[in-house]
Amino acid sequence: MTNEFSIDRRNLMRLGVAAGSLSLAGLPGLGLTGGSAAAEGMGTAFANGIDPTKYVGGDGSYAKYVKDGIRLGLIEFYPVNFVDKATGKRTGWNTDIVLAALEKCGISKVEFVEGPWESMVPGLQSGRFDLLASDVHVTAERVKIIDFSYPVFWYGDILVVQKGNPTGVSSWESLAGKTVASALGVPYTDWLNERTDLKGHQVYKDTQAAVTDLLAGRVDVYLAEDANVTGFLSQNPGLPVEIVSNYVPHSGLSDWTRFGFRIEDKDMNNVFSRALAEMFIDGTTLAILKKYGLGERNLFVMNGRA
């Protein structure tokens, strides 16, 4: 994948230090602020994935998981969470990030609990597992029932075209007059449904079906989620498709993904989130993302910048 957003080491460190400073200086719900102080002046209820008006420390959850171990809830999906057939070990970018953070937290006893995506939030709430290790985005509905970790990485919409980009699409506006593919269950499909200037809009159950029709010329472009397409292309090398490198995503900062905790496990979330902040700074997270075909774009994307 071509990465337009390059960054030198000095700026990388500046951004990393800034991110770490925000974490350590007391982002809402992540600092050592007591419940009363948070309730008095922290403002918006889920700007940081935790409702600061309800935050209190000292619940003992971190000590409990250090002593007893922790159960991770996840979906089986390449390259997010999967079992490597060669080694028999569980891996994937989410698995690797979570295990690295837990190691920094001093937690080595880990149990994996698999399930379908629709069981993840209910499973966390019910205590079937303790940490939602398949990444999840903050929404106004979810933040009422679970808490979220520090933001980990970003993924959003990309344009996938035939090799050479014969239709010449490069922007959201350039989709006018084109037949566009998208997937079920992603916000991009809703965005496209609101447009009246498309030649056509086809919705597919998965990336394979969409790319098949793209190669057959039945659609001109596939508006897709970069994380899913990266995984698909890594399993299907040599396909005559490409990602439009200068496309600016429509997705906003809400598309930074996180991991989920039960609301009462504040101590555990605090320690785990600080580990994630350190991993951003020391390059651990970037190295894991690059292992699976993601990269700087997924750590430094900003509104209006691909």
Side-chain angles (χ1 to χ4, degrees), residues 5 7 12-31 33 38 42-52 55 72 74 80-81 92-102 104-105 120-121 124 131-143 146-157 187 225-227 230 249-263 265-266 268-290 292 294-306:
F5 187 28
I7 187 165
L12 172 64
M13 290 305 296
R14 285 174 178 169
L15 285 168
V17 170
S21 297
L22 284 172
S23 171
L24 297 176
L27 281 168
L30 286 183
T33 309
M42 288 299 188
T44 304
F46 78 97
N48 195 49
I50 294 176
D51 187 340
Y55 177 76
L72 308 182
L74 48 83
V80 180
N81 307 100
W93 64 55
N94 280 342
T95 301
D96 292 358
I97 289 171
V98 169
L99 292 180
L102 289 176
K104 281 184 177 290
C105 295
M120 289 292 101
V121 171
L124 181 63
L131 193 166
L132 203 172
S134 286
D135 64 80
V136 62
H137 292 94
V138 176
T139 67
E141 292 74 29
R142 287 174 183 157
V143 81
I146 65 172
D147 276 353
F148 293 80
S149 73
Y150 189 86
V152 186
F153 64 97
W154 181 97
Y155 57 82
D157 53 304
E225 184 179 83
D226 65 344
T230 297
H250 239 45
S251 303
L253 294 181
S254 63
D255 289 276
W256 277 83
T257 192
R258 308 164 191 253
F259 300 110
F261 287 92
R262 281 190 294 277
I263 290 174
D265 283 354
K266 304 296 186 185
M268 182 61 212
N269 192 354
N270 257 349
V271 179
F272 184 83
S273 289
R274 278 171 170 71
L276 291 175
E278 292 175 12
M279 288 164 58
F280 181 98
I281 293 170
D282 67 20
T284 301
T285 300
L286 181 58
I288 291 171
L289 295 180
K290 284 187 171 182
Y292 298 100
L294 301 178
E296 285 89 347
R297 174 181 187 266
N298 303 96
L299 288 183
F300 302 112
V301 72
M302 307 172 196
N303 279 346
R305 177 71 183 182

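Note that these values count all heavy atoms, side chains included, but never hydrogens, waters or copies made by symmetry.
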Rounded to the nearest 0.5 angstrom, the CD1-CD distance for I146 and E141 is 12.0 Å
Output for pair (Y150 OH, W256 CH2), nearest 0.5 Å, gives 8.0 Å
The residue among L289, N298, I97 that forms side chain to side chain contact (heavy atoms under 4.5 Å, CB included) with V152 is I97
The side chain to side chain donor-acceptor pair (under 3.5 Å) partners of S134 (sequence neighbours excluded) come to N81
Taking every heavy atom of G295 against every heavy atom of L286, the minimum-distance pair comes out as C-CD1, 3.7 Å
Sub-4.5 Å side-chain heavy-atom contact between H137 and R142: yes
The reported gap from CG in L276 to CG in N269 (rounded to nearest 0.5 angstrom) is 9.0 Å
Problem set entry | Sidechain-backbone polar pair: D226 side chain, G156 backbone, donor-acceptor under 3.5 Å | yes
Applying side chain to side chain donor-acceptor pair (under 3.5 Å) to N94 and not counting sequence neighbours gives D135
Rounded to the nearest 0.5 angstrom, the CZ-NZ distance for F261 and K266 is 11.0 Å
The salt bridge (charged side-chain N to carboxylate O under 4.0 Å, His left out) partners of D265 (sequence neighbours excluded) come to R262
Those residues at least two apart in sequence (or on a different chain) that pass ring pair (Phe, Tyr, Trp, His ring centres under 6.0 Å) with F259 are none
If you define the side chain from C-beta out and look only at heavy atoms, does anything of L294 sit under 4.5 Å from L299? no
In terms of heavy-atom contacts, A275 and A101 come closest through CB-O, 3.6 Å
Between the CE atom in M268 and the CG atom in L102, the distance rounded to the nearest 0.5 Å is 5.5 Å
For A227, the side chain to side chain contact (heavy atoms under 4.5 Å, CB included) test, sequence neighbours excluded, returns W93, Y155
So CG of L74 and CG of L132: to nearest 0.5 Å the spacing works out to 8.5 Å
Open item on the list: When you compare the side chain of D282 with that of K104, does any pair of heavy atoms fall below 4.5 Å?
Closed with: yes
Would you say the side chain of V136 lies within less than 4.5 Å of the side chain of M120, judging by non-hydrogen atoms?
no
